[in-house]
Asks: 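Let me give you the structure first, and then I'll get to my questions.
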Amino acid sequence: MKVEQISIFIENKSGRLAEIARILGDAGINIRALSLADTTDFGILRLIVNDREKAKQILKEKGFTVSKTEVVAVEVPDRPGGLSEILQSLDSESINVEYMYAFVERCGENAVIIFRFDETEKAIITLQNRGFNILDGERLYNM
């Protein structure tokens with residue numbers, strides 16, 4: 001029920017993001033979802049891609065620092081209060097959301113949000129017990 005995300009540390013300067021997009025595109029790697037967080041000197045680009053191992057290898061060969069992280073993809077009711085229901089369920093079990101970002105494609109009547117939790121297994125069980133759908137990696141990579 002977990003999804004592999006790659007994180008790339010990049011200098012906060014013009015052209016670095018374009019370079020990564022070009023490298024991945026040239027390698028035939030499809031970006032399914034992304035998040036970019038920055039500071040003054042560097043940024044962390046978080047990606048869900050269709051071929052994690054190939055992306056990681058190619059980016060490392062090009063001199064980027066790359067790591068893998070497990071995240072969770074959750075279908076969120078696409079209506080007012082949908083996200084609130086998920087966050088309240090997590091809060092009731094004292095599960096912290098470290099970060100989250102939206103996935104670019106809808107899944108039926110739901111949106112998809114990528115979450116990183118402080119207690120991943122507990123979060124998955126909590127959400128499943130409350131009736132929320134967790135997407136597996138293969139389904140997400142191939143959407």
Asks: Honestly curious: do Leu127 and Leu83 fall in one hydrophobic cluster under the side-chain, below-4.5 Å linking rule?
Replies: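 Yes, it is one cluster - the side chains of Leu127 and Leu83 are joined through contacts under 4.5 Å.
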
Asks: If every non-hydrogen atom of Gly82 is compared with every non-hydrogen atom of Val76, which pair is closest and at what distance?
Replies: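 Shortest heavy-atom contact: C-CG1, 3.7 Å.
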
Asks: Would a single hydrophobic cluster contain both Ile44 and Ile48, if residues Ile, Leu, Val, Met, Phe, Trp and Tyr are joined by side-chain heavy-atom contacts under 4.5 Å?
Replies: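 No, Ile48 and Ile44 fall in different hydrophobic clusters.
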
Asks: Could you grab the distance from atom CZ of Phe42 to atom CD of Glu11, nearest 0.5 Å is fine?
Replies: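 Result: 11.5 Å between the selected atoms.
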
Asks: Within 45 degrees of the ring normal and closer than 6.0 Å to the centroid, is that where the cationic atom of Arg46 sits relative to Tyr99?
Replies: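 That pair qualifies as a cation-pi contact.
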
Asks: Identify the heavy atoms of Val3 and Ala73 that sit nearest to each other, and give their distance.
Replies: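 That would be CG2-CB, 4.1 Å.
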
Asks: Under the side-chain contact (heavy atoms from CB on, under 4.5 Å) test against Thr120, which residue among Met1, Glu98, Glu70, Lys2 passes?
Replies: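 Exactly one pass, corresponding to Lys2.
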
Asks: To the nearest 0.5 angstrom, please state how far the CG atom of Leu34 sits from the CG atom of Leu17.
Replies: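 Taking CG in Leu34 and CG in Leu17, the distance rounds to 7.5 Å.
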
Asks: If I compare all heavy atoms of Ala102 with all of Ala33, which pair ends up nearest, and what's the gap?
Replies: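 Minimum heavy-atom separation between Ala102 and Ala33: O-CB, 4.4 Å.
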
Asks: Going by heavy atoms in the side chains, are Asp41 and Asn12 under 4.5 Å from each other?
Replies: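 Asp41 vs Asn12: side chains apart.
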
Asks: Any heavy-atom pair between the side chains of Lys122 and Glu93 that's under 4.5 Å?
Replies: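 In short, these two side chains touch, coming nearer than 4.5 Å.
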
Asks: Are any non-hydrogen side-chain atoms of Gln5 and Tyr101 less than 4.5 angstrom apart?
Replies: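 Yes - at least one pair of side-chain heavy atoms lies under 4.5 Å apart.
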
Asks: Just so I know, are the side chains of Val97 and Leu90 near enough to count as touching, which here means a heavy-atom distance under 4.5 Å?
Replies: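 Touching, per the 4.5 Å side-chain cut-off.
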
Asks: At their closest point, which heavy atom of Ala111 faces which heavy atom of Asp78, and how far apart are they?
Replies: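 For Ala111 versus Asp78, the nearest heavy atoms are N-CB, 4.0 Å.
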
Asks: Test of understanding: with side chain to side chain donor-acceptor pair (under 3.5 Å), list the residues that count as partners of Ser94, not counting sequence neighbours.
Replies: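 None.
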
Asks: Please report the interatomic distance OG(Ser14) to CD(Glu19), rounded to the nearest 0.5 Å.
Replies: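 CD of Glu19 is found 11.0 Å from OG of Ser14.
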
Asks: Can you name the one residue among Thr126, Val71, Ile95 that meets side-chain contact (heavy atoms from CB on, under 4.5 Å) with Phe117?
Replies: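 Output: one option passes, namely Ile95.
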
Asks: CG/Leu24 to CD1/Ile6 distance, rounded to the nearest 0.5 angstrom?
Replies: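 Nearest 0.5 Å value for the CG-CD1 distance: 6.0 Å.
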
Asks: Mind checking whether Ile113 and Val74 have side chains closer than 4.5 Å, heavy atoms only?
Replies: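 With C-beta onward as the side chain, the pair stays apart.
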
Asks: What I'd like to find out is whether the side chain of Arg32 reaches to under 4.5 Å of the side chain of Val49, using heavy atoms alone.
Replies: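 Answer no - side chains too far apart.
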
Asks: Could you pull out all residues at least two apart from Lys54 that satisfy side chain to side chain donor-acceptor pair (under 3.5 Å)?
Replies: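 Per chain and number, Lys54 pairs via side chain to side chain donor-acceptor pair (under 3.5 Å) with no residue.
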
Asks: Are any of the side-chain heavy atoms of Asn50 and Ile29 separated by less than 4.5 Å?
Replies: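 The answer is yes; the side chains approach within 4.5 Å.
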
Asks: Please list, one pair per line, the donor and acceptor atoms closer than 3.5 Å that link side chains of residues 56-65 to other protein atoms, with sequence neighbours excluded.
Replies:
from  : atom 1 : to    : atom 2 : distance (Å)
Gln57 : NE2    : Glu61 : OE2    : 3.0

Asks: Consider only side-chain heavy atoms of I, L, V, M, F, W and Y, link residues closer than 4.5 Å, and tell whether Phe9 and Ile20 are in one cluster.
Replies: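 No, it is not one cluster - the side chains of Phe9 and Ile20 are not joined through contacts under 4.5 Å.
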
Asks: Are Val112 and Phe132 connected in a single hydrophobic cluster, I mean Ile/Leu/Val/Met/Phe/Trp/Tyr linked by side-chain heavy atoms less than 4.5 Å apart?
Replies: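 No, because Phe132 and Val112 fall into different hydrophobic clusters, even though each may have its own neighbours under 4.5 Å.
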
Asks: When you group the ILVMFWY residues by side-chain heavy-atom contacts below 4.5 Å and let the links chain together, are Ile134 and Ile114 in the same group?
Replies: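 No, because Ile114 and Ile134 fall into different hydrophobic clusters, even though each may have its own neighbours under 4.5 Å.
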
Asks: With a 4.5 Å heavy-atom cut-off, do Arg130 and Ser92 have their side chains touching?
Replies: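 Side chain of Arg130 against side chain of Ser92, heavy atoms only: contact under 4.5 Å found.
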
